[in-house]
Peer 1: 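Structure provided below as structure tokens; questions to follow.
Within every chain, numbering begins at 1; the chains are lettered A, B, ... in the order of the sequence lines, protein sequences first and strands thereafter.
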Amino acid sequence: MDFYLGLLQIIGVHTLLGLSAYIVLLTGQVSMAQAGFFAIGAYVAGMCTVMFGFHILPAILLASLLASLVACAVGFPALRVKGLMLVVATLAFGEIVRLFFFNVHWQVERNGAMVGPEGPEGFRRIRYFPENGWTSIDITAFIWVIVILVMLALWWMDRSRAGAVLRAVGHDETAAQSVGINLTAVKVSAMTAGGFIAGLGGSIYAHTTTHVEHLIFSVVLATFAIAYPILGGLSHVMGTLLAVVFVQVFLVEVLRFMGDWRNMLFGALIVLVMNLRPHGLLGEQPARMFDFLRSRSRREETHAAT
Amino acid sequence: MLQLDRLSKHFGGVRAVDEVSLTVERGQIFGLIGPNGSGKSTTVNLVCGLFPVTSGRVLFDGEDITELPTHRRLAGGIARTFQNIRLFENLTVWQNLWVAQNGAEDRQQGFLKRWYSGNRQGRAEIEELLEFSRLHDKRDLLAGNLAFGEQRRLEMARALAAKPSFLLLDEPAAGMSQEELKQLSERIRALRERGATVLLVEHVMDLVMDITDRIAVLNFGRKIAEGTPEEIQANEDVRKAYLGGAAEQEEAASA
């Protein structure tokens with residue numbers, strides 16, 4: 001039972017990470033900085049509950065707000081560069097964040113023990129959940145309430161004019177400018193929102209694992225963050241969730257019996273999926289409510305009409 | 001209404017636009033013609049601010065807008081279409097018009113209204129534009145799935161969504177059939193009746209001569225002539241630079 005709950009928790013956290021990249025990807029930006037925002041969320045939320053005795057909710061909120069502020073500040077200079085240069089710039093930022101936490105030594109005494117980040121040793125004993133008697137079920141439910149709220153918010157945003165504007169910018173920046181869209185404002189807003197969602201994911205992650213260290217927030221995590229929405233497809237927020245389930249359940253858990261061969265197969269399967277479904281698992285359709293549940297006939301009608 | 005004052009754009013050593021001055025009066029349909037590579041599209045891009053100018057000024061309604069970013073020029077009333085159609089192909093026809101409602105009036109709405117759904121009046125305007133462009137039955141199709149002529153119509157509708165007072169049409173007739181051309185000239189005239197001023201960049205001479213009030217001719221980035229269609233047709237320099245070449249091509253094509 002605990003295994004499945006743990007898996008659900010991982011899926012929840014990674015979905016938040018993937019969604020943070022999803023909203024940025026909608027504007028056509030490939031950001032490798034999401035792991036950095038995730039790290040800021042993790043460390044700051046952990047510090048709030050462990051060192052200063054915050055309740056979990058304000059801790060998460062504060063950490064996510066801080067992550068979004070940093071994302072906003074990074075957004076302005078970083079989004080002036082495009083394509084590969086943006087990847088490099090955001091990658092560099094992610095590494096700066098990681099190395100910052102590699103160097104942070106800040107401990108305070110609480111209940112007779114020294115707590116706080118210890119540089120390379122990491123940040124141990126983020127034990128808010130066990131100390132307050134949360135069971136695995138409580139934690140899992142808590143995570144999924146947040147995940148569902150975020151997905152609803154993004155789904156709502158997707159259907160709104162703001163969602164259409166993000167996609168317009170993602171498709172053609174020149175045309176978007178010409179119809180009066182302020183590119184900088186749109187891209188930085190997406191980045192800020194992405195930073196907030198990544199911060200949420202990170203702050204929850206730190207509390208479920210109780211121990212974080214800089215190595216977790218490496219390029220690999222940043223790659224996962226953008227791989228989820230790309231693998232899932234940008235047509236709908238559900239795509240990202242689907243991709244996380246595909247990767248975490250199928251690739252990581254089901255293939256566990258393959259031992260060391262798994263990692264090789266892992267890459268090969270992603271390549272295979274991207275070839276079979278080049279627009280992601282969900283495919284390419286305009287974002288609409290429950291489009292993926294609706295009978296196929298309607299879609300085919302639309303195609304027949306063209 | 002629009003005034004270019006010794007406008008220049010150099011790409012390295014190439015003088016794409018070289019000290020071009022012209023004035024478009026309110027309510028005019030102004031034609032900008034010239035052979036391939038003469039700087040017409042560059043001029044359009046300078047007017048809507050996609051490139052920074054090398055020297056000179058762009059004045060709109062008497063205001064210097066040379067340094068204004070592109071998206072602010074739309075709010076000021078300048079909208080455009082592209083030579084190679086640039087629709088948001090991942091959005092539906094309806095959404096293409098929806099995201100383009102960024103005119104001065106639209107900007108006065110509250111934040112939520114503007115970014116969530118737009119207002120009722122805006123939606124009514126989209127309906128009207130769909131009607132005007134005869135795209136009513138295509139509203140839920142992805143723009144990328146439209147036929148070529150429909151894409152051209154949608155792009156013009158998208159430019160009109162912000163209710164511009166000034167419209168830049170960059171080769172709107174490219175690739176159109178005779179039938180479509182007739183509809184296009186009717187639509188451009190209808191635009192003027194709505195009160196818009198039009199700068200028309202075009203290769204199709206019949207269309208330009210038919211509907212413009214005044215024409216400027218560019219060659220190698222320089223303005224070589226300006227006048228009424230009749231004057232331009234009679235101008236020797238223009239014949240040499242452009243019409244002569246076009247006439248020869250037509251002869252070759254018909255032969």
Peer 1: Can we say B:Glu150 and B:Lys138 salt-bridge, meaning some charged N sits less than 4.0 Å from an Asp/Glu carboxylate O?
Peer 2: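 Salt bridge flag = yes for B:Lys138 with B:Glu150.
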Peer 1: With a 4.5 angstrom heavy-atom cut-off, which part of B:Leu87 approaches chain A: side chain, backbone, both or neither?
Peer 2: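 Contact with chain A: backbone only.
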Peer 1: Can you list the residues of residues 178-196 of chain A that sit under 4.5 Å from chain B, counting heavy atoms only?
Peer 2: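 Listed by number, the contacting residues are A:Ser178, A:Val179, A:Gly180, A:Ile181, A:Asn182.
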Peer 1: By a 4.5 Å heavy-atom criterion (distance strictly below it), what part of B:Glu155 contacts chain A: side chain, backbone, both, or neither?
Peer 2: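 Contact with chain A is absent: no heavy atom of B:Glu155 under 4.5 Å.
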Peer 1: Do A:Phe37 and A:Phe93 make the cut of ring centroids closer than 6.0 angstrom?
Peer 2: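 Yes, the ring of A:Phe37 comes within the 6.0 Å limit of the ring of A:Phe93, centre to centre.
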Peer 1: If you apply the rule ring pair (Phe, Tyr, Trp, His ring centres under 6.0 Å), what do you find for B:Phe166 with B:Phe30, and how did you get there?
Peer 2: CA-CA 11 Å; B:Phe166 188 83; B:Phe30 194 100; 9.3 Å; no
Peer 1: Only one of B:Asp140, B:Ile126, B:Leu130 passes side-chain contact (heavy atoms from CB on, under 4.5 Å) with B:Val93; say which it is.
Peer 2: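 Answer after filtering B:Asp140, B:Ile126, B:Leu130: B:Leu130.
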Peer 1: State plainly whether the residues B:Lys40 and B:Glu202 are in salt-bridge range, i.e. N to O under 4.0 Å.
Peer 2: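 Not counted as a salt bridge, because no side-chain N and carboxylate O are separated by less than 4.0 Å.
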Peer 1: Check the surroundings of atom CZ in B:Arg15: do more than 12 heavy atoms from other residues, nucleotides or ligands lie under 6.0 Å from it?
Peer 2: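 No, because the 6.0 Å sphere around CZ of B:Arg15 holds 12 heavy atoms or fewer from other groups.
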Peer 1: Picking from A:Gly163, A:Ala168, A:Gly170, which has the most non-hydrogen pairs under 4.5 angstrom with chain B?
Peer 2: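 Option with the greatest count: A:Ala168.
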Peer 1: Are the charged groups of B:Glu180 and B:Arg134 less than 4.0 angstrom apart, N to O?
Peer 2: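 No, this pair does not count.
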